[in-house]
Amino acid sequence: MRFGTTLIPTLKETPVEARVESHRLMLRAGLIRQLGAGIYTWLPLGLRVLRKVEAIVREEMDAAGAQEILMPAVQPAELWQESGRWQKYGPELLRFQDRGGRDFCFGPTHEEVVTDLVRRELRSYRDLPANFYQIQTKFRDEIRPRFGIMRGREFLMKDAYSFDLDEASLDRSYRGMVDAYHRIFGRCGLRFRAVEADTGAIGGAFSHEFHVLAESGEDVIASCDGCGYAANLEKAESVVSSAIAPHGQVGSMRQVDTPGMKTMEEVAAFLGCALTGMVKSLVVEGEGRALQLLLRGDHELNLVKAANALGVGSVQLADPVRAAELSGVPVGSMGPVGARLPLLADRCLEGLSGWVAGANADGRHLLDVVWGRDCSKPPWADLHNVVAGDLCPRCQVSPLRLDRGIEVGHVFKLGDKYTRAMKVTVQDADGREKIPIMGCYGIGVSRIVAAAIEQNHDDNGIVWPLALAPFAVEILLVNPKDEESVGVAETLEKGLRQVGIEVLMDDRDERLGVKFKDADLLGLPFRVVVGGRSLKEGAVEVQRRGQPEKERIAVENGVTHLIARVRATDGVDNFKNLPL
RNA sequence: CGGGGUGUAGCGCAGUCUGGUAGCGCAUCGGCUUUGGGAGCCGAGGGCCGGAGGUUCAAAUCCUCUCACCCCGACCA
């Protein structure tokens, strides 16, 4: 392909609105352009990358025995009403009507459609297990789209759905997808980690997320270098850390004035005690219940754990006004002693003695509170987010570390949630009707493009892994008007294309500096400079993007040299990722 | 959804407070020079100032409404 006749609108200046490097570089390198909030056009170069990811996903899904289909993006409301999600899904679901006033949505996911397909077409246990997948545009009306393609509203996703007759078979399907995902992300040249994830409202089942490790990631994942345990922050547990007493000697409980102190930090500073010796109270509400949760002063509440502990779908933190209303005490002075609301305490507090807490009176706190003596023991549960350094819950030896990650894949055992609601049955070997159980498996195809750039760039631009690069080689013509140069470049291009190596030739009549800068920005793995001083000596100049060395190769050896270099670069071994 | 901000040439911005009919840089087009890391000089083209309504002799500028986009927050008492 020729640069001069392709739409590759590179930008010299950095777009101000882009806050993460992948977004900036995708705009600057001319991969995408924004049309609306969270909605983007893929330009020729960006689309090529997207297609590379798709191709890898397709190959590995096919190899894993999944069958590709393509379902409609627009779905009738009836199906969603049948599964109950028309009510539950909320404003993220883009809804609209056709001319006849019938309700539709733009599919954010396809459980309903695929389940409907299966109930119509599959009759027998002989048809199972089955796994259908598609690569398709989805729309989720995100609260706040951001980071370019990373959290867009419209995005390209691979979603797969497996149907099995029993749990053992589902296990095999699930495992097959997990293995396929490791191969997919590995082939994409990504540094990633598979982590245990919370299963949310569906409960009970098994779930893993695949995260690309990157500073700009929106998710936090905890992992243990010792035994390989890894989980996202919502799910991650840790060994209950040993209690830390605030004072050497625990005296009798007493009340002190803490005028105007509202935050844990203020109270700690005022009283001169450590956050780890304090108990904070948070009011949560969920499904009509209100509760006062107790956490150690330095810990953060994990709402997912709280919901799980209460056995409800979700809980919300009450806002300060509501919290004061429910507890009868202004926020900042709440405590467990004499609390009006039922209590639930984080397990970390169990061994704590002589702690500080709000006195349930405005501007007053209690010192040296002791469980059992001053305050009856509440029920205990794991309620806090793990912090770096907490001991691994599995091996109980190594400390956990926290990293940021970009979620690019999610695998999930759904059970019979949809098949039951939508009345799917197949006959088993004994002629009985059975409800199949499902798994679902997503990959953010477009998000992978952004994630790959987050992991692979330098100050000058993108540094594509070969597997995702829009072209393997850029031929940079120093002077497109020089016939000898053009001849050499075209011979090179032809030789490479014959063996399937894709080439972008920068044939623009631009100043050399412009072409060099753009080459760095686009980040194709190999750059070949043809012309100028090297060609005078009968050579072309080959440079690997991201590496400083430039190599002069005799013109006649150019094609074979490059073929060898490209083939030697095949793939990145990322299979060192931890087994499940 | 709450708060803040921005819409003026393809892109980035100034002009708005204090009303008088639009400007700068980059890009584009032409010419000359230059040619191994985003060139220099000369010249040219390009904008119903997001939209609608209003005030005024006169509106990018003031008023009202509206649309779009961006940023921060929406979990720590």
Side-chain angles (χ1 to χ4, degrees), chain A residues 7 9-20 23 27-28 30 33-39 90-91 141-148 233-234 258 260-268 275 278-285 292-307 314-324 326-327 329-335 346 357-358 360 362-363 365 383-385 460-461 476-482 485 506 508-521 527 529-536 540-541 543 550 552:
Chain A
L7 180 63
T10 57
L11 301 174
K12 210 188 299 187
E13 292 173 66
T14 306
V16 285
E17 74 275 10
R19 292 301 158 108
V20 294
H23 189 195
L27 292 167
R28 286 194 58 211
R33 282 295 182 264
Q34 181 171 9
L35 181 62
I39 305 178
D141 200 352
E142 295 278 349
I143 298 175
R144 187 145 94 88
R146 62 183 124 180
F147 305 149
L233 194 62
E234 289 179 347
T258 49
M261 307 289 156
K262 287 294 171 194
T263 68
M264 281 285 132
E265 287 73 17
E266 284 167 5
V267 175
L275 282 173
M278 300 178 64
V279 170
K280 63 175 165 186
S281 295
L282 306 172
V283 176
V284 296
E285 288 184 276
Q292 182 171 335
L293 304 183
L294 306 177
L295 276 91
R296 210 170 72 184
D298 60 323
H299 280 161
E300 288 183 1
L301 172 63
N302 181 319
L303 283 171
V304 173
K305 288 181 179 178
S314 70
V315 296
Q316 298 85 42
L317 198 71
D319 65 60
V321 175
R322 181 74 181 147
L326 288 164
S327 66
V329 181
V331 296
S333 303
M334 279 164 50
D346 188 73
N360 286 328
D362 198 8
H365 276 77
L383 297 175
H384 74 281
N385 285 333
N460 298 314
L476 194 159
L477 261 177
V478 173
N479 181 2
K481 288 174 180 159
D482 176 56
S485 302
D506 193 345
R508 294 176 300 168
D509 187 14
E510 284 284 355
R511 297 181 63 82
L512 240 200
V514 172
K515 290 189 270 199
F516 278 134
K517 288 287 185 192
D518 276 348
D520 288 344
L521 185 57
R527 187 189 74 190
V529 178
V530 176
R533 59 195 186 205
S534 51
L535 191 61
K536 282 201 188 95
V540 295
E541 194 178 274
Q543 187 176 13
K550 296 173 190 169
R552 286 202 174 186

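Lettering of chains follows the sequences in order, A, B, ..., and the numbering in each one begins at 1. Any value given below was found using the heavy atoms of this structure, including those in side chains, with hydrogens, waters and symmetry copies removed.
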With a 4.0 Å cut-off on heavy atoms, is [X] in touch with a base, just the backbone sugar-phosphate, or nothing at all?
X	answer
A:Ala324	nothing
A:Ala318	base
A:Asn479	nothing
A:Gln292	nothing
A:Gly531	base
A:Asp518	base

### Query
Can A:Ser534 and A:Glu541 be counted as having a side-chain donor-acceptor contact under 3.5 angstrom?
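Distance-only check fails for A:Ser534 and A:Glu541.
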
### Query
Between A:Thr10 and A:Asp518, is any side-chain donor less than 3.5 angstrom from a side-chain acceptor?
yes

### Query
Are any of the side-chain heavy atoms of A:Lys550 and A:Arg527 separated by less than 4.5 Å?
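A:Lys550 vs A:Arg527: side chains touch.
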
### Heavy-atom side-chain proximity of A:Pro9 to A:Leu11 below 4.5 angstrom
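Heavy-atom side-chain distance check fails, nothing below 4.5 Å.
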
Establish whether the base of [N] is bridged to the side chain of [X] by a donor-acceptor pair shorter than 3.5 Å.
X	N	answer
A:Arg527	B:rG37	yes
A:Lys280	B:rC76	yes
A:Glu510	B:rG38	no
A:Arg28	B:rG38	yes

Can you tell me the base-pairing partner of [N]? Count Watson-Crick or G-U wobble geometry only, both distances below 3.5 Å, and say none if there is no partner.
N	result
B:rG2	B:rC72
B:rG20	B:rC57
B:rU64	B:rA52
B:rG10	B:rC26
B:rG46	none

If we take the [atom1] atom in both [N] and [M], what is their distance in whole Å?
N	M	atom1	value
B:rU8	B:rG51	C1'	14 Å
B:rG50	B:rC11	P	13 Å
B:rG15	B:rG7	C1'	15 Å
B:rG73	B:rA27	C1'	38 Å
B:rA59	B:rG20	C1'	10 Å
B:rU61	B:rG23	C1'	15 Å
B:rA58	B:rA39	P	49 Å
B:rA14	B:rC62	P	15 Å

Using whole Å, what does the distance between atom [atom2] of nucleotide [N] and atom [atom1] of [X] come to?
X	N	atom1	atom2	value
A:Asp506	B:rU35	CG	P	20 Å
A:Arg146	B:rC71	CZ	P	8 Å
A:Glu285	B:rC75	CD	C1'	14 Å
A:Lys536	B:rU35	NZ	C1'	11 Å
A:Leu477	B:rG36	CG	C1'	14 Å
A:Glu13	B:rC24	CD	C1'	13 Å
A:Leu512	B:rG36	CG	C1'	5 Å
A:Leu27	B:rC69	CG	P	16 Å

### Message
Can you tell me if A:Gln34 touches the phosphate of B:rC70, counting only side-chain N or O atoms and a distance under 4.0 Å to OP1 or OP2?
### Response
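A:Gln34 to B:rC70 OP1/OP2: side-chain N or O found under 4.0 Å.
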
### Task
Please determine if a side-chain N or O atom of A:Arg511 lies less than 4.0 Å away from the OP1 or OP2 oxygen of B:rU35.
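For B:rU35, OP1/OP2 do not have a side-chain N/O of A:Arg511 under 4.0 Å.
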
### Query
Could you give the distance from CG (A:Leu512) to CG (A:Asn479), rounded to the nearest 0.5 Å?
9.0 Å

### Task
Working to the nearest 0.5 Å, report the span between CG of A:Asn460 and CG of A:Asp520.
5.0 Å

### RNA chain B: 5'-proximal contact among A:Gly332 and A:Thr10 (nearest heavy atom)
A:Thr10

### Query
Between A:Ala323 and A:Ala37, which has a closest nucleotide on RNA chain B that is more 5'?
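So the residue in question is A:Ala37.
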
### Query
Charged N to carboxylate O below 4.0 Å: is that the case for A:Asp346 and A:Arg296?
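Here A:Asp346 does not pair with A:Arg296 in a salt bridge, since their nearest N and O are not under 4.0 Å apart.
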
### Message
Minimum heavy-atom separation for A:Met264 and A:Lys280, please, with both atom names.
### Response
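Residues A:Met264 and A:Lys280, closest heavy atoms: CE-CB, 3.0 Å.
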
### Query
Which atoms form the tightest heavy-atom contact between A:Val478 and A:Gly531, and what is the distance?
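Minimum heavy-atom separation between A:Val478 and A:Gly531: CG2-C, 3.8 Å.
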
Which of the following nucleotides, [options], is nearest to the side chain of [X]?
X	options	value
A:Ile143	B:rC1, B:rG37, B:rG36	B:rC1
A:Leu301	B:rC76, B:rA39, B:rC70	B:rC76
A:Glu541	B:rC71, B:rG38, B:rG36	B:rG36
A:Val514	B:rC69, B:rG38, B:rG36	B:rG38
A:Arg144	B:rG36, B:rC76, B:rA74	B:rA74
A:Leu282	B:rA77, B:rC1, B:rC70	B:rA77
A:Ser534	B:rG36, B:rG38, B:rC75	B:rG36

